[in-house]
Participant: 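Got a structure for you, written out below as C-alpha cells; questions coming shortly.
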Amino acid sequence: MTLPSLDAHATLTPGSAGMPALTDVLVIGLGVTGAGVALDAASRGLDVVAVDAFDVAWGTSRWSSKLVHGGLRYLAKGQVAVAHESAVERGILMEVTAPHLVHPLPMLMPLTAEISASQAWLARRGVGAGDLLRRLAGTARETLPRPRRISATETRTLAPVARHDVRGGILSWDGQLEDDARLVLDIARTATSYGAHVHTRVRAISVTGTGAVLRDELTGEERRIEARAVINATGVWADQLVEGISLKPSRGTHLVVRREALPGVRCALMAPVPGASNRFVFALPQPDGTFYVGLTDEPVSGAVPDVPEPPEEDVDFLLSVMAGALEQPLTRADVVGAYAGLRPLLDSNGSTADLSRRHAVLVSEQGVVTVVGGKLTTYRRMAEDAVDKALSVSGLRARPCRTRQLPLLGAGSHAELAAVDAPARLVRRFGTEAPLVVANALAHGLTRNEALAPVSPTIPATLAELVFGVTHEGAADVADLLDRRTRIGLVPADRVVAEPLARRALAIAKASTIS
C-alpha cells in the first residue's frame, strides 16, 4: 500500500489563513451536508471555499444516533420516496463511499408479554418491508442480512438482559457509523484532496448570492470573498443567514451508559414506545464500550442554542421506555453522559414526529442557495441537489456529479481493510489511512508504545489519533479533539481524564510547526 507523504496529505485549516479572495462556490456550514457540498463541487472541478463559524461537525451532525438507516419509519408513514432514497444512500455509504466507517448492526426487538401477537406480526411485516427496500436499493445481502424471527433462547443469547417473559425476538439489520463526526471529517478532508479550501473558525457575517463578508474568529479579521455561487448549509441556523426560510427544529436526545449497565448485550435493542406507531427507543452498542440510548422527537421553539442541552423529561422518557424491554431497568445512576441534537425540519404546520425528512433546496431573492431538511444518511444526495441548483442559478459549468462512485479517504474493500497493518481501532476509524496515523505520530517524535497506548482502561482513544487530529484534521483546541475528533467528551468523567493528553497532542503539533 502506498500512502501520500505526510506533508502533502489533505488537511483542514483553522482560521482564514490561505483563503483565496475569489472562488466558484462558497459553502457556509461544515456539518455533513456542507462537507458533502464541498466534496461534490470540488470533485466536479470547481474551485471551492467552505467555512464554518465553529468546527467541522459542530452542530446536528455530531448528535445523531450514529445510524445509517434504510428509512423504514418513513415507509410506515407512507413517505415511500424518502424511504427509498434513504435505502439507496445507505447502500452507497456501506458499499462504496465509506465501508470503513459504516458497518452492519444487528437490531433486536425482544417479544415480551407487553407485545401482542398482532403487534409482533406487524413488526415482522415492517422489517420485511425494510428488507424489500434493501433489495430495491441494490444493497447486497452480504452487506445487510435478511431479517428473521428468532427463538427465546437466541434472544437471550444476544441480549441476556431481556425480560424473563421474552418469547422470542425479531432480528433485523441496519447500518451503523463508527462515529458521525468522523464521517463528516472524512468527507471534508476528501474535499480538500480535490482542491477545496476548508476553513473552520470563520464566520459568515453577511451573505449574498455573489459572496460574503467573513470574520476569522481566531484573529477578528474581516474580509470579503467573491463567489459565483453561495450555498447555505448551516442546518438549524439556516434561517438566521437567509430570509424567507421557516424551520421547525426537533430535538433528539440520547443517554450514554457503560456496557456494564447492559452486560452481555451483543446487538442493538429496540423497545416500542407505548401508544405510538412505529416508534422505538434504542440501546445502541458503541465500539468504545458504551451504549447510546435514544431517541426523542420533540418540537423546539425559541432561539437555537449553539449546543443543545437534554432536558430532564427526555431522560425520564428514555429510561421509562427502555425499561419495558429489560429485566433490570436502567436507572439514572447508570447514565454517565447525555446529548441532544436539533433536526433542521421544514415547517409545514405538523408535529415534528410527522414532518417529512425529505430535504429542500431553496433560492433566496439575492441568489443564495439553501439546502435544509433531510438527514445524515442522505447527505450525499442533498449535496448533489444543492450543487445542481447552484449551477443552474449561477450559470457555472461543471462536470456531472460523481460522488455516487467516489470513495472517501480511507475507504477500501473488506479484504483491503482486513489487510491493513495497524491496530483494529485505527482501521475502524481511519480505514486504509490507519498506517498514516501511526506514521504521523512517529514522525512527531513519539514511540510506538506512546502513540498507541489507550488513554485509560475505559477510554480506548490514543495519542496518535489526537496528534493526527491537530496535524491533519484542523483541531484547534482541546474541545475539538475530545468532542469531534474523538467522542471522549460525551462522558464528562472521561473528558477530565483525557484533557492532559489532548493538551499534549496540541503541544506536540505546535512544537513541530515552530521547529
Side-chain angles (χ1 to χ4, degrees), residues 27-37 40 52 58-65 67 69 71-89 180 184 204 207 209 229-253 278-279 295-306 308 340-390 392-393:
V27 184
I28 303 171
L30 284 170
V32 70
T33 306
V37 169
D40 185 292
D52 194 282
W58 170 271
T60 304
S61 296
R62 64 170 160 143
W63 303 128
S64 77
S65 297
L67 290 178
H69 58 87
L72 181 59
R73 178 179 175 187
Y74 315 126
L75 188 65
K77 293 181 178 297
Q79 299 170 10
V80 178
V82 179
H84 181 258
E85 181 179 82
S86 294
V88 168
E89 295 300 323
D180 45 9
V184 184
V207 179
V230 177
I231 300 178
N232 172 20
T234 54
V236 290
W237 296 278
D239 57 350
Q240 299 178 21
L241 202 61
V242 175
E243 295 181 353
I245 298 171
S246 181
L247 299 179
K248 191 172 184 178
S250 165
R251 183 183 64 248
T253 295
N278 200 44
R279 279 196 66 196
L295 75 166
T296 62
D297 197 339
E298 298 297 327
V300 176
S301 58
V304 175
D306 289 341
L342 301 180
R343 308 175 186 89
L345 306 180
L346 284 170
D347 189 357
S348 61
N349 298 317
S351 74
T352 56
D354 293 328
L355 291 181
S356 173
R357 266 36 173 188
R358 191 164 184 83
H359 64 274
V361 179
L362 313 171
V363 182
S364 73
E365 292 183 359
Q366 293 186 311
V368 178
V369 175
T370 296
V371 54
V372 289
K375 51 201 172 293
L376 183 146
T377 303
T378 60
Y379 83 88
R380 191 209 62 82
R381 180 57 187 272
M382 295 170 67
E384 178 182 353
D385 290 350
V387 174
D388 283 347
K389 177 62 72 173
S392 69
V393 169

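None of these values were measured; they are calculated from a predicted model. In what follows, residues are counted from 1 in the order of the sequence shown.
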Participant: Does the side chain of Ser61 come under 3.5 Å of the side chain of Asp180 through a donor N or O and an acceptor N or O?
Facilitator: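 Side chains of Ser61 and Asp180: no pair found under 3.5 Å.
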Participant: Arg279 vs Asp297, test: side chain to side chain contact (heavy atoms under 4.5 Å, CB included). Steps then yes/no.
Facilitator: CA-CA 10 Å; Arg279 279 196 66 196; Asp297 197 339; 4.0 Å; yes
Participant: Would you say Leu342 and Trp63 make side-chain contact, with heavy atoms under 4.5 Å?
Facilitator: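 Side-chain contact under 4.5 Å: no.
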Participant: Applying side chain to side chain contact (heavy atoms under 4.5 Å, CB included) to Val230 and Ile28, what does each step give before you reach the verdict?
Facilitator: CA-CA 8 Å; Val230 177; Ile28 303 171; 4.1 Å; yes
Participant: To the nearest 0.5 Å, what is the distance between CG on Leu295 and OG on Ser250?
Facilitator: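 Spacing of CG (Leu295) from OG (Ser250) equals 8.0 Å.
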Participant: The test is side chain to side chain contact (heavy atoms under 4.5 Å, CB included); show your working for Val207 and Asn232 and say whether it passes.
Facilitator: CA-CA 9 Å; Val207 179; Asn232 172 20; over 6 Å; no
Participant: When rounded to the nearest 0.5 angstrom, what distance separates CE in Met382 from CG in Asp40?
Facilitator: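 Separation between the atoms: 12.5 Å.
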Participant: Quick one: closest heavy-atom pair of Pro344 and Gly235, and the distance?
Facilitator: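 In terms of heavy atoms, the two residues are closest at CB-C, 3.6 Å.
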Participant: Indicate the atoms forming the closest heavy-atom contact of Gly341 with Pro308, along with that distance.
Facilitator: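 Closest approach of Gly341 to Pro308, heavy atoms only: CA-CG, 4.4 Å.
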Participant: Please determine whether side chain to side chain contact (heavy atoms under 4.5 Å, CB included) holds for the pair Leu247 and Leu346, giving the CA-CA distance in whole Å, both sets of side-chain angles, and the decisive distance to 0.1 Å.
Facilitator: CA-CA 5 Å; Leu247 299 179; Leu346 284 170; 4.0 Å; yes
Participant: Would you give the length of the straight line joining atom NZ of Lys375 to atom CD of Glu89, rounded to the nearest 0.5 angstrom?
Facilitator: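 Answer for the NZ-CD pair, Lys375 versus Glu89, is 9.0 Å.
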Participant: Main chain of Thr253, side chain of Thr296: is a donor-acceptor contact present, judged purely on distance under 3.5 Å?
Facilitator: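 Answer holds: yes.
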Participant: Could you check whether any side-chain N or O of Thr377 sits under 3.5 Å from a backbone N or O of His69, counting only pairs where one atom can act as donor and the other as acceptor?
Facilitator: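 Yes: the side chain of Thr377 pairs with the backbone of His69.
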Participant: List the atom of Gly34, the atom of Ala233, and the distance in Å for their closest heavy-atom pair.
Facilitator: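 Result for this residue pair: CA-CB, 3.6 Å.
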Participant: Just how far is it from atom OG1 of Thr234 to atom CG of Asp52, taken to the nearest 0.5 Å?
Facilitator: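 Here the rounded value is 9.0 Å.
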Participant: If you look at every heavy atom in Val368 and Gly209, which pair is closest and at what distance?
Facilitator: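 Looking at all heavy atoms of both residues, the closest pair is CG2-N, 3.6 Å.
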Participant: With rounding to the nearest 0.5 Å, note down the distance linking CD in Glu298 to CZ in Arg343.
Facilitator: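 Separation between the atoms: 9.5 Å.
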Participant: So how far is it from Thr370 OG1 to His359 NE2, rounded to the nearest 0.5 Å?
Facilitator: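 That separation rounds to 13.0 Å.
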Participant: Where is the tightest heavy-atom contact between Ala238 and Val372, given as atom of each residue plus distance?
Facilitator: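 Heavy atoms only, the tightest pair is CB-CG1, 3.6 Å.
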Participant: What I want to find out is whether Lys389 reaches Asp385 closely enough, with some N-O distance under 4.0 Å, to be called a salt bridge.
Facilitator: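 The answer is no: the pair does not qualify as a salt bridge.
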Participant: Closest approach of Val304 and Trp237, non-hydrogen atoms and distance?
Facilitator: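 Closest approach of Val304 to Trp237, heavy atoms only: CG1-NE1, 3.6 Å.
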